[in-house]
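Since the structure comes first, as structure tokens, the remarks are kept for the end.
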Amino acid sequence: MNIHRNPLCGRNFEYYSEDPLLSGFCAAADTRGVQRHPGRGTTIKHFALNNQEDNRNHNNSHCGERALREIYLKGFEIAVKTAQPLALMTSYNLINGIHSANHRELLTDILRCEWGFQGLVMTDWGTTEEKPGFKYGSSNAALCVKAGNDLTMPGSQQDVDAIVNAVGKELTLSELQACAKRILELVLLRAKQQ
């Protein structure tokens with residue numbers, strides 16, 4: 001779903017276009033096609049501003065509100081509003097200084113409240129894994145939950161401990177329950193469709 005911004009981006013072949021409208025309509029059509037089959041769903045990714053493959057874990061994408069909404073989020077908005085994909089995956093990069101996986105404004109305010117997304121949000125693989133040399137560090141598993149990021153992939157005992165230890169401090173029980181509820185709803189939906 002990301003926008004072609006650099007001809008040297010190593011994943012341009014996976015993206016639809018440099019045009020956010022075309023990207024959104026293509027993703028919506030793919031999603032509707034897949035999800036018309038019971039028990040099947042799509043995960044749109046990488047939300048958002050993941051426009052380079054090289055050094056993507058160390059990237060802080062600075063973007064103003066207008067460019068963010070008119071270029072980088074527009075395709076996702078179209079896909080969500082017209083096709084309701086079952087899942088969405090966050091990106092590794094930071095957006096204006098906040099890890100995408102920890103970005104409450106992006107995942108809750110815009111995605112869920114404004115666009116009406118009803119599906120599951122998951123992290124990209126190893127987003128919360130501590131890796132030496134990361135310029136901005138890794139995203140925080142407890143802040144993922146607080147932001148509305150339901151599923152940490154692949155998850156670890158360290159993530160579980162961080163989430164459990166944060167409950168009652170920077171994370172409320174209701175925020176944790178909301179994420180658990182969305183995961184269970186997806187599991188139940190799949191079981192019901194089979």
Side-chain angles (χ1 to χ4, degrees), residues 1-6 8-16 20 23-24 27 30-31 34 41-63 68 71-73 75-77 79-80 85-112 115 117-163 166 171 175-176 179-180 182-183 186-187:
M1 294 278 326
N2 298 110
I3 301 298
H4 291 176
R5 297 296 290 169
N6 181 339
L8 301 178
C9 178
R11 292 181 96 163
N12 276 346
F13 68 95
E14 293 181 356
Y15 304 158
Y16 293 109
S23 296
D30 284 349
T31 297
V34 169
T42 62
T43 301
I44 58 174
K45 63 178 191 173
H46 294 94
F47 195 62
L49 289 145
N50 184 61
N51 298 305
Q52 67 182 49
E53 183 64 15
D54 193 35
N55 202 35
R56 68 184 175 152
N57 295 356
H58 304 275
N59 182 35
N60 184 4
S61 302
H62 294 274
C63 187
L68 182 67
I71 300 171
Y72 300 102
L73 297 183
F76 289 98
E77 179 183 7
V80 165
L86 283 183
L88 178 139
M89 181 184 286
T90 57
S91 53
Y92 287 120
N93 56 291
L94 282 73
I95 300 170
N96 296 327
I98 302 170
H99 281 281
S100 169
N102 297 157
H103 210 298
R104 184 171 178 82
E105 180 183 359
L106 189 65
L107 302 180
T108 297
D109 299 345
I110 294 173
L111 180 65
R112 294 191 191 282
W115 298 348
F117 181 66
Q118 298 167 15
L120 176 98
V121 176
M122 68 177 77
T123 70
D124 204 339
W125 199 263
T127 298
T128 59
E129 186 179 313
E130 289 294 326
K131 298 176 189 115
F134 266 33
K135 182 175 181 179
Y136 300 109
S138 300
S139 63
N140 178 294
L143 293 180
C144 284
V145 173
K146 186 166 195 66
N149 203 326
D150 307 307
L151 183 62
T152 300
M153 297 299 294
S156 67
Q157 188 60 51
Q158 194 173 353
D159 291 330
V160 171
D161 294 342
I163 292 167
L171 182 63
E175 289 167 332
L176 181 58
C179 289
R182 288 188 290 262
I183 293 170
L186 182 65
V187 171

Q. Does the side chain of Thr42 pick up a donor-acceptor pair with the side chain of Thr31 at under 3.5 Å?
A. yes

Q: Tell me yes or no: between the side chains of Tyr72 and Arg5, is some donor less than 3.5 Å from an acceptor?
A: yes

Q) To the nearest 0.5 Å, what is the distance between CG (Leu86) and CG (Leu120)? A) 9.0 Å

Q) Measuring from Tyr136:OH to Asn60:CG, what's the distance to the nearest 0.5 Å? A) 4.5 Å

Q | N/O donor-acceptor pair under 3.5 Å between Arg112 side chain and Gly148 backbone | A | yes

Q: Please confirm whether the backbone N or O of Ala147 pairs with a side-chain atom of Thr108, one donor and one acceptor, at under 3.5 Å?
A: yes

Q: Decide yes or no for Gln158 and Glu130: does some side-chain heavy atom of the first lie under 4.5 Å from some side-chain heavy atom of the second?
A: yes

Q. Between Trp115 and Ile110, does a side-chain contact (heavy atoms from CB on, under 4.5 Å) hold up when you go through it step by step?
A. CA-CA 6 Å; Trp115 298 348; Ile110 294 173; 3.5 Å; yes

Q.
The criterion is salt bridge (charged side-chain N to carboxylate O under 4.0 Å, His left out); which residues satisfy it with Lys45, sequence neighbours excluded?
A. none

Q. Looking at Gly24 and Met1, what are the two nearest heavy atoms and their distance?
A. CA-CE, 4.4 Å

**Q.** Nearest atoms (heavy-atom pairs only) where Ala79 meets Ile44
**A.** CB-CD1, 4.2 Å

**Q.** Separation of Leu68 CG from Leu73 CG (nearest 0.5 Å)
**A.** 4.0 Å

Q) salt bridge (charged side-chain N to carboxylate O under 4.0 Å, His left out) with Glu14: which residues, sequence neighbours excluded? A) Arg11

Q: Please answer whether the main-chain N or O of Gly137 pairs with a side-chain N or O of His99 as donor and acceptor at a distance below 3.5 Å.
A: yes

Q. What residues, two or more places apart in sequence or in another chain, satisfy side-chain contact (heavy atoms from CB on, under 4.5 Å) together with Asp159?
A. Thr128, Ala141, Thr152, Ser156

Q.
Run the ring pair (Phe, Tyr, Trp, His ring centres under 6.0 Å) test against Phe76 and tell me which residues pass, sequence neighbours left out.
A. Phe47

Q | Check: Tyr16 main-chain N/O paired with Ser23 side-chain donor or acceptor under 3.5 Å | A | no

Q) Rounded to the nearest 0.5 Å, what separation is found between the CG atom of Asp150 and the OG1 atom of Thr123? A) 10.5 Å

Q. Which is it for Val80 and Glu77 under the side-chain contact (heavy atoms from CB on, under 4.5 Å) test, yes or no, and what are the steps along the way?
A. CA-CA 5 Å; Val80 165; Glu77 179 183 7; 6.0 Å; no

(Q) For the backbone of Ser91 and the side chain of Asp124, can you confirm whether one donor and one acceptor N or O come within less than 3.5 Å of each other? (A) no

Q | Closest heavy-atom pair and its distance - Thr90, Leu107 | A | CG2-CD2, 3.7 Å

**Q.** Heavy-atom check, side chain of Ile95 versus side chain of Cys63, under 4.5 Å
**A.** no

Q.
Before you tell me yes or no, could you show the steps for His46 and Asn2 under side-chain contact (heavy atoms from CB on, under 4.5 Å), namely the whole-Å CA-CA distance, both residues' side-chain angles and the distance that decides it to 0.1 Å?
A. CA-CA 7 Å; His46 294 94; Asn2 298 110; 3.7 Å; yes

Q) What's the spacing between Leu151 CG and Ile183 CD1 if we round to 0.5 Å? A) 5.0 Å

Q: Give the minimum heavy-atom separation between Ile71 and Ile3, together with the two atoms involved.
A: O-CG1, 3.7 Å

**Q.** Exercise: identify the closest heavy-atom pair between Ala142 and Ala162
**A.** CB-O, 3.9 Å

(Q) Give me each pair satisfying salt bridge (charged side-chain N to carboxylate O under 4.0 Å, His left out) with a member in residues 87-110, each pair once, sequence neighbours excluded. (A) none

Q. With sequence neighbours left out, which residue pairs that include part of residues 137-146 fulfil the salt bridge (charged side-chain N to carboxylate O under 4.0 Å, His left out) condition?
A. Lys146-Glu175

Q: Determine yes or no for a side-chain-to-main-chain donor-acceptor pair under 3.5 angstrom, with Ser100 supplying the side chain and Tyr92 the backbone.
A: no

Q: Determine, step by step, whether Leu49 and Asn59 satisfy the side-chain contact (heavy atoms from CB on, under 4.5 Å) criterion, reporting the C-alpha distance in whole Å, the side-chain angles of both residues, the deciding distance to 0.1 Å, and the verdict.
A: CA-CA 10 Å; Leu49 289 145; Asn59 182 35; over 6 Å; no

(Q) How long is the straight-line distance from OG1 of Thr43 back to CE of Met89, given to the nearest 0.5 Å? (A) 6.5 Å

Q. Taking all non-hydrogen atoms of both residues, which atom of Ser139 and which atom of Thr127 are closest, and how far apart?
A. OG-CG2, 2.6 Å

